[in-house]
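These figures come from a predicted structure and were not determined experimentally. Atoms within each ligand, like the ligands themselves, are counted from 1 in listed order.
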Amino acid sequence: MKVKPIALQKLPPDLDASRLPQHVAVIMDGNGRWASRQRKPRIMGHQRGVDTLKDLLRCCKDWGIHALTAYAFSTENWGRPLEEVTFLMTLFERVLRRELAEMIVENIKISFVGNLTALPDTLQDEIRRSMEDTQDNTGTRFTVATNYGGRQEIIQACRAMATQVQQGHLKVEDINEGLFASHLYTADLVDPDLLIRTSGEMRLSNFLLWQMAYGEIYVTDTLWPDFDRFEFHKAVLAYQKRHRRFGKV
Ligand code: IPE
Ligand code: IPE
Ligand code: MG
């Protein structure tokens, strides 16, 4: 059988290996519209979206990008029709079960961020297992935001610190940016250098509100299921042309 070669398997020569984003975040948007355009049910778009994410993760590994964070389900997405929500939860569980062995082999360290306790028990079990089984892996950091909301994340950090103050373990004047960040789900990750949003929407939709203070935002009209390595190449190229000033001149 002939195996299809993966396009752009190596870092494209017009990208500067010394200036790659360390951490890329993606808002995987446009699955529903992709499906509608093909006159298919929305869930087909989500299904195809999984393949896109899988290849992007492998691409990060191939190109030497250390961390990838993907927005899979927001705290607001519970407001979708029950049928779609149920499909997504089952899809996450199925994909996790199917892909775990390969992630272990590929040295990927997976983690989940968000309010995980509200997810179905069987999904929580898979999440726990995947995090445990890959915790010692030293390769690509793959973070999946599931039932994640930036505001919810900030509030739970405030509550944790307020509790410590109340119990006398923390002084109010010791609260600073570093301490605050250490209470976020992303405590052990650097802030994203590049956030990609597909399908043309120019908003954060409650994703990584604190962490994106100085992250570069790249929006493409391409719908998530069509976001391939060529599209990712364009995004990283655009990123490398940006001048990050961090408030300085
Ligand atoms: C993003 O695609 C996937 C999730 C939110 C889970 P959408 O489902 O939002 O697709 P559109 O925006 O309706 O096209
Ligand atoms: C953001 O997409 C959430 C995810 C991709 C998981 P949405 O489709 O939910 O965002 P809005 O509703 O267009 O802002
Ligand atoms: Mg959407």
Which pairs would a plain distance check flag for residues 208-215, meaning a side-chain donor or acceptor within less than 3.5 Å of a matching protein atom at least two apart in sequence or in another chain?
from: Q211; atom 1: NE2; to: E153; atom 2: OE1; distance (Å): 3.2
from: Q211; atom 1: NE2; to: E153; atom 2: OE2; distance (Å): 3.2
from: Q211; atom 1: NE2; to: T186; atom 2: OG1; distance (Å): 2.7

Do [X] and [Y] have a side chain donor and acceptor closer than 3.5 Å?
X	Y	result
R197	S205	yes
T122	E93	yes
S74	N77	yes

Answer yes or no: are there more than 12 heavy-atom neighbours, outside E177 itself, under 6.0 Å from its atom CD?
->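 12 or below, so no.
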
Around atom CZ of R159, are there more than 12 heavy atoms of other residues, nucleotides or ligands at under 6.0 Å?
->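 Check fails, neighbour count at 12 or below.
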
What protein atoms of element N, O or S are positioned under 2.8 Å from the Mg ion (ligand 3)?
->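 Result, waters dropped: D29 OD1.
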
List the steps, then state whether ring-ring contact (aromatic ring centres under 6.0 Å, His included) holds for F207 with Y148.
-> CA-CA 8 Å; F207 192 41; Y148 173 90; 5.8 Å; yes

R203 heavy atoms, cut-off 4.0 Å: which ligand 2 atoms fall inside?
->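 Heavy-atom distances to R203 below 4.0 Å select 11 (P), 13 (O), 14 (O).
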
Which atoms of ligand 2 are found less than 4.0 Å from any heavy atom of R197?
->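 Here the atoms of ligand 2 in question are 2 (O), 10 (O), 11 (P), 13 (O), 14 (O).
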
Between ligand 1 and the protein, tabulate every N or O atom pair separated by less than 3.5 Å, reporting distance only.
from: ligand 1; atom 1: 2 (O); to: G30; atom 2: N; distance (Å): 3.4
from: ligand 1; atom 1: 2 (O); to: N31; atom 2: N; distance (Å): 3.2
from: ligand 1; atom 1: 8 (O); to: R42; atom 2: NH2; distance (Å): 2.8
from: ligand 1; atom 1: 8 (O); to: R80; atom 2: NH1; distance (Å): 2.7
from: ligand 1; atom 1: 9 (O); to: D29; atom 2: OD1; distance (Å): 3.0
from: ligand 1; atom 1: 9 (O); to: R80; atom 2: NH2; distance (Å): 2.8
from: ligand 1; atom 1: 10 (O); to: G30; atom 2: N; distance (Å): 3.4
from: ligand 1; atom 1: 10 (O); to: N31; atom 2: N; distance (Å): 3.1
from: ligand 1; atom 1: 10 (O); to: G32; atom 2: N; distance (Å): 2.9
from: ligand 1; atom 1: 12 (O); to: D29; atom 2: OD1; distance (Å): 2.8
from: ligand 1; atom 1: 12 (O); to: R33; atom 2: NH2; distance (Å): 2.7
from: ligand 1; atom 1: 13 (O); to: R42; atom 2: NH1; distance (Å): 3.0
from: ligand 1; atom 1: 13 (O); to: R42; atom 2: NH2; distance (Å): 3.1
from: ligand 1; atom 1: 14 (O); to: G32; atom 2: N; distance (Å): 3.3
from: ligand 1; atom 1: 14 (O); to: R33; atom 2: N; distance (Å): 2.7
from: ligand 1; atom 1: 14 (O); to: R33; atom 2: NE; distance (Å): 2.8

Other than L82, which residues form its hydrophobic cluster under the rule that side-chain heavy atoms must be closer than 4.5 Å?
-> none

R141/D188 ion pair, N-O < 4.0 Å |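 Salt bridge: yes.
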
Would I27 and Y185 show up in the same hydrophobic cluster when neighbours are defined by side-chain heavy atoms closer than 4.5 Å?
-> yes

